[in-house]
Asks: 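Before we start, here is the structure in question, set down as structure tokens.
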Amino acid sequence: MWGKKLGSDNSREARSEEWFLAALSDYNLQIQARDIVFFLAQAARDSASEDNNTTRWLDRLLTPQAMRKALPVSSREKINAIAQENAPVGHIFDRLQELPADTRKIPFTLTLAKLDLTEARLLEANGVLFREGDQYWIPEIYRHGLGFGISKVGRPRIMSIN
């Protein structure tokens, strides 16, 4: 469906299956079916509308570019769904989205994100935060929808916990 890698088989790109699982899972290593369905539908729409899709990628239905573009859209959809389903988490999401853009970078500290320990624990319990020392990380499926970027320069790596 999506080829061996997010590029040609000889490229140094990520393996598609591992990228997909890491991109859509939370830090409790859970993936919701609706996120999979939405991601696949969005990636399929984008793949079908890409120029030269049928001549360049003969080994897959979903193109690497379409998959990368589908992740932020899927993330925004997930944020909206979680905010409706879980009001306490939704309120924290609203506050995180209101932070200045230069503050919305991962990793971050609780002080910088204006979160207290109770809020952090709630987000950790829901798979939204992962703590490493005094630094906190947000998985990709939430990061894009919350408007968080990466502190380092270059293409961001998909963060996962194995």
Side-chain angles (χ1 to χ4, degrees), residues 1-8 11-108 113 123-124 126-130 136-161:
M1 172 170 45
W2 48 47
K4 183 177 175 182
K5 292 186 175 185
L6 286 175
S8 67
S11 71
R12 295 181 59 189
E13 294 288 343
R15 289 186 296 273
S16 298
E17 186 173 346
E18 286 88 355
W19 181 89
F20 171 81
L21 293 172
L24 267 63
S25 66
D26 64 20
Y27 282 146
N28 291 331
L29 301 178
Q30 297 176 346
I31 299 177
Q32 293 188 330
R34 71 162 175 242
D35 298 335
I36 294 170
V37 170
F38 190 86
F39 175 85
L40 292 175
Q42 185 65 42
R45 273 192 296 276
D46 290 345
S47 293
S49 67
E50 283 181 11
D51 294 336
N52 300 323
N53 179 30
T54 55
T55 56
R56 181 160 185 215
W57 301 109
L58 300 174
D59 64 335
R60 62 193 76 198
L61 297 173
L62 303 180
T63 66
Q65 182 178 6
M67 289 175 61
R68 285 189 191 100
K69 283 174 41 182
L71 182 57
V73 177
S74 299
S75 179
R76 287 188 292 275
E77 184 71 21
K78 181 167 186 80
I79 294 299
N80 292 335
I82 295 292
Q84 290 177 359
E85 296 167 3
N86 189 335
V89 172
H91 293 305
I92 297 170
F93 283 174
D94 289 342
R95 287 193 8 247
L96 289 173
Q97 289 173 315
E98 292 171 358
L99 292 171
D102 61 332
T103 303
R104 283 180 285 143
K105 304 271 188 222
I106 60 170
F108 60 87
L123 293 178
E124 284 180 273
N126 282 279
V128 180
L129 282 185
F130 172 73
Y136 286 83
W137 299 83
I138 300 174
E140 295 299 302
I141 193 62
Y142 291 102
R143 183 179 72 79
H144 293 283
L146 292 172
F148 275 71
I150 305 289
S151 296
K152 298 180 180 175
V153 178
R155 188 186 320 175
R157 296 175 60 119
I158 299 295
M159 301 299 298
S160 69
I161 299 177

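Sequence positions, counted from 1, serve as the residue numbers for this chain.
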Asks: Looking at Glu13, Lys5, Glu140, Met67, which hits side chain to side chain contact (heavy atoms under 4.5 Å, CB included) with Trp19?
Replies: Met67
Asks: Ring-plane angle category for Trp2 and Phe20, please: parallel below 30°, perpendicular beyond 60°, tilted otherwise.
Replies: tilted
Asks: Over all heavy atoms of both residues, which pair between Ala70 and Ala43 is shortest? Give the atoms and the distance, please.
Replies: CB-N, 3.7 Å
Asks: Could you list the donor-acceptor pairs under 3.5 angstrom formed by side chains in residues 89-101, with sequence neighbours left out?
Replies:
{"unit_1": "Arg95", "atom_1": "NH1", "unit_2": "Glu119", "atom_2": "OE2", "d": "2.5"}
{"unit_1": "Arg95", "atom_1": "NH2", "unit_2": "Lys114", "atom_2": "O", "d": "2.7"}
{"unit_1": "Arg95", "atom_1": "NH2", "unit_2": "Glu119", "atom_2": "OE1", "d": "3.1"}
{"unit_1": "Arg95", "atom_1": "NH2", "unit_2": "Glu119", "atom_2": "OE2", "d": "3.3"}
{"unit_1": "Gln97", "atom_1": "NE2", "unit_2": "Gly145", "atom_2": "O", "d": "2.9"}

Asks: Hey, what do you get for CZ (Phe39) to CG (Leu24), rounding to the nearest 0.5 Å?
Replies: 6.0 Å
Asks: Applying side-chain contact (heavy atoms from CB on, under 4.5 Å), name anything that partners Pro64, two or more places apart in sequence or on another chain.
Replies: Leu6, Trp57, Arg60, Arg68
Asks: Which pair of non-hydrogen atoms, one from Leu129 and one from Tyr136, has the smallest distance, and what is that distance?
Replies: CD1-CD2, 3.8 Å
Asks: Among all residues two or more places apart in sequence or in another chain, which pass the side-chain contact (heavy atoms from CB on, under 4.5 Å) test with Asn28?
Replies: Asp26, Gln30
Asks: Distance from Ser25 atom OG to Ile141 atom CD1, nearest 0.5 Å?
Replies: 9.0 Å
Asks: Can a donor-acceptor pair be found, under 3.5 Å and without considering hydrogens, that links the side chain of Ser151 to the backbone of Lys105?
Replies: no
Asks: Looking at the rings of Tyr142 and Phe148, which for Trp means the six-membered one, are their centres under 6.0 Å apart?
Replies: no
Asks: Pairs in or reaching into residues 32-44: which pass side chain to side chain donor-acceptor pair (under 3.5 Å), with residues at least two apart or in two chains?
Replies: Gln32-Arg34, Gln32-Lys78, Arg34-Glu85, Asp35-Lys78, Gln42-Arg45, Gln42-Asp46
Asks: For Phe130 and Ile138, what are the C-alpha separation, side-chain angles and deciding distance, and is it a side-chain contact (heavy atoms from CB on, under 4.5 Å)?
Replies: CA-CA 7 Å; Phe130 172 73; Ile138 300 174; over 6 Å; no
Asks: Where is the tightest heavy-atom contact between Ser47 and Ala66, given as atom of each residue plus distance?
Replies: OG-CB, 3.2 Å
Asks: Leu21: which residues meet the side-chain contact (heavy atoms from CB on, under 4.5 Å) condition with it, sequence neighbours left out?
Replies: Glu17, Ile31
Asks: Kindly write out the residues that satisfy side-chain contact (heavy atoms from CB on, under 4.5 Å) with Ser75, not counting sequence neighbours, or none if the list is empty.
Replies: His144
